[in-house]
> 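The following block contains the structure, expressed as C-alpha cells.
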Amino acid sequence: MRVFNHNVVLVEEPVTKSEVVLLGKGIGFGRKPGEKIVTDDPRLEKRFRLENETNKRQYQTVIDRLDHSVIGIAEEIIALITREITPQINEHIHVALPDHIQFAIYRLRNGLEIVNPFLFEIQTLHAQEFALAKRAAEMIKQSFDIDVPESEIGFLALHIHSAVSYVPITKTVQFTNLIGELVQMIEAKSQQPIQRNSVDYVRLITHLRFALDRIREGKPIVNPLLERIKLTLPEQYELAVQLASHIAERLETTLPDDEVGYLAMHLFRLVQLPYREKENE
C-alpha cells in the first residue's frame, strides 16, 4: 500500500484486510503500491499491526499528513525499542513518534532552539531510554543529514519511556516537569543550589519518580520511622509537607504521611549533610 523507505512498508493482508507495517532490510527497495510481498520473504524481520480503532484512524492521518521517510525512520526506531527494551509497547507510539520527529526536524532545520530544562532529570530517571534515544538520534541524523542536540534526545527518551511504561506522554512530561518544580522549590527554601551530579540528588529524584508512580497507581507505602522523623527532622519534614501540598495540587490527589516522611529523609541527606561536611572541613 505504501513504501515509507527502503526498509519499511505498509501492506494489507489479503484475507483479513488488516493493515500491517513490515520491516526488513531492503524490503521496500524498488517496491511500488499494488505489488505482493510473500509472508516468507527472508528479509522480513518485524511486523506491527495496530489493534486500537482510534490509533488506526490517527495513524491514517499520520500517513496522509507526514513525510513518509519520517514515518519510516520512526518505525525503525520503534522496532529498535521492541528489540532492546520490550516487545510489549503502547501502540500509540506509532502515531506520536513520527509526529514528534517531523516537528523536531522542522525546528532544527529552521534554526529554532529546542529547550529542555529537565534534561538531567530525564537522563537520570530514564537512563535506558535515554541511551536508546541517542541511537535513535543517530538514525535520524543519518537519514536526514541533521544534528540532533541532547535537548531533543531527552524528548525522544520521554516518548520511548511513554511507550514502554504505557504512561501517556502528557503524563510523562507532567511528572518530569513536576519533579523539576519540586527541585526548584527545595533550592528556594534551602537558599542553596543543589549539586545535580551528587548521589543524594539522584536518590531524591529517583524517590520522587517512584513516589509519583505509587500515587498514580494508588499503591500504599509504610514508613515505620515516621514519628521519629517528625521529631528529629522538623525543618525537613515541614519542607516535605510543602512539597507534598504542591504535588497534591498539581496531581489533584493527596499524599500519605508515610510518603512525606520518606521525602523528609531524602531532603535531610540532600541539603543538611553536605552543609555539615562543609562545616567540618
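Scope of the values below: all heavy atoms of this structure, side chains included, with no hydrogens, waters or symmetry mates.
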> Surrounding CG of Asn110 (heavy atoms of other residues, nucleotides or ligands, distance under 6.0 Å), is the total greater than 12?
yes
> Taking all non-hydrogen atoms of both residues, which atom of Ile122 and which atom of Ala157 are closest, and how far apart?
CG2-CB, 4.0 Å
> Side-chain heavy atoms under 4.5 angstrom apart, residues restricted to Ile, Leu, Val, Met, Phe, Trp, Tyr: same cluster for Ile205 and Leu119?
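Cluster IDs for Ile205 and Leu119 differ.
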> Should Leu251 and Leu212 be marked as a side chain to side chain contact (heavy atoms under 4.5 Å, CB included) after you check the CA-CA gap, both sets of side-chain angles, and the distance that decides it?
CA-CA 9 Å; Leu251 300 185; Leu212 293 178; 3.7 Å; yes
> According to a hydrophobic-cluster definition based on side-chain heavy atoms being under 4.5 Å apart (Ile, Leu, Val, Met, Phe, Trp, Tyr only), do Ile229 and Ile247 belong together?
yes
> Heavy-atom distance under 4.5 Å between the side chains of Val183 and Phe118, does that happen here?
no
> Hydrophobic clusters here meaning ILVMFWY residues chained together by side-chain heavy-atom distances under 4.5 Å, can you tell me if Leu66 and Val21 are in one?
yes
> Compute whether any side-chain donor of one residue and acceptor of the other, for Asn177 and Glu181, lie under 3.5 angstrom apart.
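Checked: Asn177/Glu181 side chains show no N/O donor-acceptor pair below 3.5 Å.
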> Would one find more than 12 heavy atoms of other residues, nucleotides or ligands at under 6.0 Å from atom CD of Glu217?
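It does: Glu217 CD has more than 12 such atoms within range.
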> Side chain of Asp258, backbone of Asn223: donor and acceptor closer than 3.5 Å?
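Yes; judged by distance alone, with no hydrogens or angles, the pair exists.
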> Output the distance between atom OG (Ser190) and atom CG (Leu270), rounded to the nearest 0.5 Å.
7.5 Å
> Would a single hydrophobic cluster contain both Val3 and Ile78, if residues Ile, Leu, Val, Met, Phe, Trp and Tyr are joined by side-chain heavy-atom contacts under 4.5 Å?
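Cluster IDs for Ile78 and Val3 differ.
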> Give me the atom names and distance for the closest heavy-atom approach of Ile153 to Ala137.
CG1-CB, 3.7 Å
> With side chain to side chain contact (heavy atoms under 4.5 Å, CB included) as the test, would you mind laying out the steps for Gln174 and Arg250 before giving the verdict?
CA-CA 9 Å; Gln174 180 190 31; Arg250 292 279 267 105; 4.0 Å; yes
> If I compare all heavy atoms of Pro98 with all of Ile93, which pair ends up nearest, and what's the gap?
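Scanning both residues completely, I find the closest heavy atoms to be CD-O, 3.6 Å.
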> Where the side chain of Arg43 meets the backbone of Gly26, is there a donor-acceptor pair that is under 3.5 Å apart?
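Flag set: sc Arg43 to bb Gly26 pair under 3.5 Å.
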> Might you point out which heavy atoms bring Ile37 and Asp41 nearest each other, and give the distance in Å?
CG2-OD2, 4.1 Å
> Does the side chain of Asp200 come within less than 4.5 Å of Arg203's, by heavy atoms?
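A side-chain contact exists here, since the closest heavy-atom pair is under 4.5 Å.
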> Please check this pair: side chain of Ser162 against backbone of Val167, looking for a donor-acceptor N/O pair closer than 3.5 Å.
yes
> Do Arg65 and Gln102 have side chains that approach each other closer than 4.5 Å (heavy atoms only, starting at C-beta)?
no
> For the residue pair His94 and Tyr59, does the interplanar ring angle fall in the parallel (under 30°), tilted (30 to 60°) or perpendicular (over 60°) class?
perpendicular
> Could you label the plane-to-plane angle of the His207 and Tyr262 rings as parallel, tilted or perpendicular, counting under 30° as parallel and over 60° as perpendicular?
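Geometry flag for Tyr262 against His207: tilted rings.
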> Spell out, as yes or no, whether a donor-acceptor pair under 3.5 Å connects the side chain of Arg196 to the backbone of Ile194.
yes
> Looking at CG of Asn90 and NE2 of His159, how far apart are the two atoms once the value is rounded to the nearest 0.5 Å?
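Rounded to the nearest 0.5 Å, the CG-NE2 separation comes out at 12.0 Å.
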> For residues Ser69 and Phe144, report the shortest heavy-atom separation together with the two atoms involved.
OG-CE2, 3.4 Å
> Quick check for you: to the nearest 0.5 Å, what is the distance between Lys171 atom NZ and Leu178 atom CG?
10.5 Å
> Counting only heavy atoms not in Lys56, do more than 12 sit closer than 6.0 Å to its NZ atom?
yes
> Hey, mind stepping through Val11 and Val20 against side chain to side chain contact (heavy atoms under 4.5 Å, CB included) and telling me if it holds?
CA-CA 5 Å; Val11 301; Val20 181; 4.0 Å; yes
> Could you tell me whether the side chain of Glu121 and the main chain of Thr176 form a donor-acceptor pair under 3.5 Å?
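It does not hold such a pair.
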> State, with a plain yes or no, whether a side-chain heavy atom of Asp67 is found less than 4.5 Å away from one of Ile105.
no
> Do Leu112 and Tyr106 make a side-chain contact, defined as non-hydrogen atoms from C-beta onward lying under 4.5 Å apart?
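Contact flag for Leu112/Tyr106 side chains = yes.
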> For Gln236 and Ala264, work out which heavy atoms get closest and say how close.
CB-O, 3.6 Å
> Determine whether a donor-acceptor pair (N or O, by modelled atom type, separation under 3.5 Å) exists between the side chain of Arg31 and the backbone of Lys36.
yes
> Measuring from Ile81:CD1 to Leu97:CG, what's the distance to the nearest 0.5 Å?
6.5 Å
> Can you tell whether the side chains of Lys230 and Glu227 come within less than 4.0 Å, N to carboxylate O?
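A salt bridge links Lys230 with Glu227.
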> Between Leu263 and Leu204, is there a side-chain heavy-atom distance shorter than 4.5 Å?
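In short, these two side chains touch, coming nearer than 4.5 Å.
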> May I ask you to decide if Ile221's main-chain N or O and Glu259's side chain share a donor-acceptor pair within less than 3.5 Å?
no
> How about CD on Glu249, more than 12 heavy atoms from neighbouring residues, nucleotides or ligands closer than 6.0 Å, or not?
no
> For the backbone of Ile63 and the side chain of His68, can you confirm whether one donor and one acceptor N or O come within less than 3.5 Å of each other?
yes
> Using a strict threshold of under 4.0 Å (side-chain N to carboxylate O), is an ion pair present between Asp64 and Arg2?
yes
> If you group Ile, Leu, Val, Met, Phe, Trp and Tyr by side-chain heavy-atom gaps below 4.5 Å, do Ile215 and Phe210 land in one group?
no
> Can you confirm whether Arg83 sits close enough to Lys46 that some side-chain heavy atom of one is under 4.5 Å from a side-chain heavy atom of the other?
yes
> What distance separates Leu108 CG from Ser151 OG, expressed to the nearest 0.5 Å?
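So the CG of Leu108 and the OG of Ser151 are separated by 7.5 Å.
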> Could you check Lys134 against Glu150 for side chain to side chain contact (heavy atoms under 4.5 Å, CB included), going step by step and ending with a plain yes or no?
CA-CA 8 Å; Lys134 280 187 174 181; Glu150 273 207 326; 4.3 Å; yes
> Should the pair Glu91-Arg49 be classified as a salt bridge under the 4.0 Å nitrogen-to-oxygen rule?
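Salt bridge between Glu91 and Arg49, a charged N being under 4.0 Å from a carboxylate O: no.
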> With rounding to the nearest 0.5 angstrom, report the CZ to CG distance, Phe29 to Asn5.
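Separation between the atoms: 12.0 Å.
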> Of Thr172, Ile179, Leu158, which meets side-chain contact (heavy atoms from CB on, under 4.5 Å) against Leu125?
Ile179
> Is there side-chain contact between Leu267 and Leu243, with at least one heavy-atom pair below 4.5 Å?
yes
